[in-house]
Amino acid sequence: MVLSHAASDSDVSVHSTFASRYVRTSLPRFKMPENSIPKEAAYQIINDELMLDGNPRLNLASFVTTWMEPECDKLIMASINKNYVDMDEYPVTTELQNRCVNMIAHLFNAPLGETETAVGVGTVGSSEAIMLAGLAFKRKWQNKRKAEGKPFDKPNIVTGANVQVCWEKFARYFEVELKEVKLSEGYYVMDPEQAVEMVDENTICVAAILGSTLNGEFEDVKLLNDLLVLKNKETGWDTPIHVDAASGGFIAPFLYPELEWDFRLPLVKSINVSGHKYGLVYAGIGWVVWRNKEDLPEELIFHINYLGADQPTFTLNFSKGSSQVIAQYYQLIRLGHEGYRNVMENCRENMIVLREGLEKTGRFNIVSKDEGVPLVAFSLKDSSSHTEFEISDMLRRYGWIVPAYTMPPNAQHITVLRVVIREDFSRTLAERLVIDIEKVIRELDELPSRVIHKISLGEEKSDANGDNLMVTVKKTDMEKQREIINGWKKFVSDRKKTNGIC
């Protein structure tokens with residue numbers, strides 16, 4: 001679905017220098033062409049446009065995996081034409097998915113017997129996984145309320161304001177009230193005590209985040225569980241917990257094995273995790289597992305037979321590729337506990353290198369925590385002259401994609417930059433990024449402020465101590481733009497004076 005303006009009226013065709021060897025006329029940009037073109041021309045036209053995309057390896061905004069071993073790339077290409085939903089036609093692929101579900105359930109300490117199989121499913125990502133988990137909570141709560149003869153039309157879910165947008169989508173799409181625990185400066189995750197206070201008889205679950213998108217911090221699921229156990233005992237409710245471990249699910253078991261956040265806690269009924277984040281698979285795979293069969297209502301599972309055999313299905317979509325499931329199985333058996341532990345420890349070490357490098361500049365406050373997802377979230381100590389958004393924008397000149405964003409309510413006055421440390425982000429890149437950030441800071445220091453300027457009012461406007469007053473005056477947008485342009489002109493002119501001709 002395209003929501004943005006596509007193009008101007010004067011730019012409705014695609015032109016290609018190389019393709020002109022095969023095609024002399026331009027192609028319409030937003031309508032299917034009437035005639036075919038040679039495959040070489042189609043390839044070249046698309047390849048030329050894609051060159052303007054950013055470099056995925058330097059996209060430090062994303063948690064999503066951007067590198068896999070060549071052997072896994074071969075498996076992906078060999079299975080790219082397999083439709084995962086055709087279980088009868090591709091039984092081995094289905095078996096590999098079931099193995100992944102069981103491996104992940106055991107990793108999360110699901111209470112399974114020796115011969116018992118795990119309950120879970122592969123999805124296209126954690127967003128779909130969360131939708132499925134939320135639907136299971138909602139249906140189970142509704143069934144209980146119906147049996148008790150109580151109203152079941154006003155379900156709610158309690159989360160922190162730091163949740164990913166997929167939780168807001170679930171609430172809006174499936175008509176569930178989202179009750180958010182607001183954040184505060186210095187505390188950017190859900191407060192378990194406040195969350196439990198917001199729970200009522202209509203709460204279908206409390207969602208805890210293992211690895212906040214904002215600063216990578218793990219929420220205290222153990223404390224939330226203990227407080228909720230007490231409240232359930234006092235009220236007679238049985239409010240459960242879902243853990244959104246999209247980012248942290250493949251980190252905590254290897255870096256913090258003693259941390260209790262998973263099915264070791266009795267109220268945790270389901271967990272989602274993104275295989276395409278620290279599960280180390282390319283984009284397009286997520287997982288959701290349930291504690292046991294009773295936590296997934298049977299009426300949500302559909303059975304179909306028009307693909308050749310009876311097949312149970314519990315997904316929001318139907319067809320999808322098999323390649324990411326196969327890639328996930330490759331990583332699980334290729335790396336094992338040892339390999340995942342080594343990757344995560346290396347990510348954490350590179351995070352420390354970057355964090356220490358930023359601290360040495362003396363210009364930033366570190367917002368992220370040592371324990372959590374390996375990322376560095378940081379903000380300017382002094383943003384009176386220039387902002388984090390300017391740093392983000394100027395870093396693109398060096399190829400880096402580093403996002404700047406404001407925190408959710410009630411900490412929206414805080415702006416941060418965030419660098420996600422993935423497997424392919426080396427120590428050398430971490431050191432290079434610090435150098436480039438220092439360059440950007442020096443360049444910004446030479447530019448006029450975008451935000452305010454000061455005017456000395458002279459001696460006749462002195463204060464009680466006889467000092468000249470400095471008055472902060474907001475500039476108009478036109479004044480800001482003009483000053484920025486002049487500042488850049490001066491900056492470029494000075495660089496030309498100092499640079500020799502080569």
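The figures that follow rest on heavy atoms only: side chains count, while hydrogens, waters and symmetry mates do not.
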inquiry  = Taking the basic N atoms (NZ, or NE/NH1/NH2) and the acidic carboxylate oxygens, is any pair closer than 4.0 Å for Asp370 and Arg348?
reply    = no

message = Checking Tyr282 now: which residues fulfil ring pair (Phe, Tyr, Trp, His ring centres under 6.0 Å) with it, not counting sequence neighbours?
response = none

query = Can you tell me if Asn59 and Thr66 form a side-chain donor-acceptor pair at under 3.5 Å?
reply = no

key: Glu431 with Arg427: basic N within carboxylate O range, under 4.0 Å   = yes

ask   = Quick one: do the Glu69 and Tyr330 side chains pair a donor with an acceptor below 3.5 Å?
value = yes

request  = Just say parallel, tilted or perpendicular for the rings of Phe170 and Phe174, cut-offs at 30° and 60°.
outcome  = tilted

task = Examine the side chains of Glu219 and Trp261 and answer whether a donor and an acceptor come within less than 3.5 Å of each other.
result = no

query = If you round to the nearest 0.5 Å, how far is CZ of Arg139 from CG of Leu300?
reply = 5.0 Å

task = Name the orientation class of the two ring planes belonging to Phe314 and Trp290 (parallel below 30°, tilted from 30 to 60°, perpendicular beyond 60°).
result = tilted

query = Side chains of Glu89 and Asn83: donor-acceptor distance under 3.5 Å anywhere?
reply = no

Chi angles and distances behind the ring pair (Phe, Tyr, Trp, His ring centres under 6.0 Å) call for Tyr278, Phe250 = CA-CA 6 Å; Tyr278 288 93; Phe250 278 108; 9.2 Å; no

message = Quick one, Phe378 with Val416, criterion side chain to side chain contact (heavy atoms under 4.5 Å, CB included). Give me CA distance, side-chain angles, the key distance, then yes/no.
response = CA-CA 5 Å; Phe378 53 103; Val416 299; over 6 Å; no

request  = For a side-chain hydrogen bond (donor to acceptor under 3.5 Å, both in side chains) with Lys222, tell me which candidate from Asn225, Asp220, Asp226 qualifies.
outcome  = Asp226

ask   = How long is the span from the CZ atom in Phe108 to the CE atom in Met103, to the nearest 0.5 Å?
value = 13.5 Å

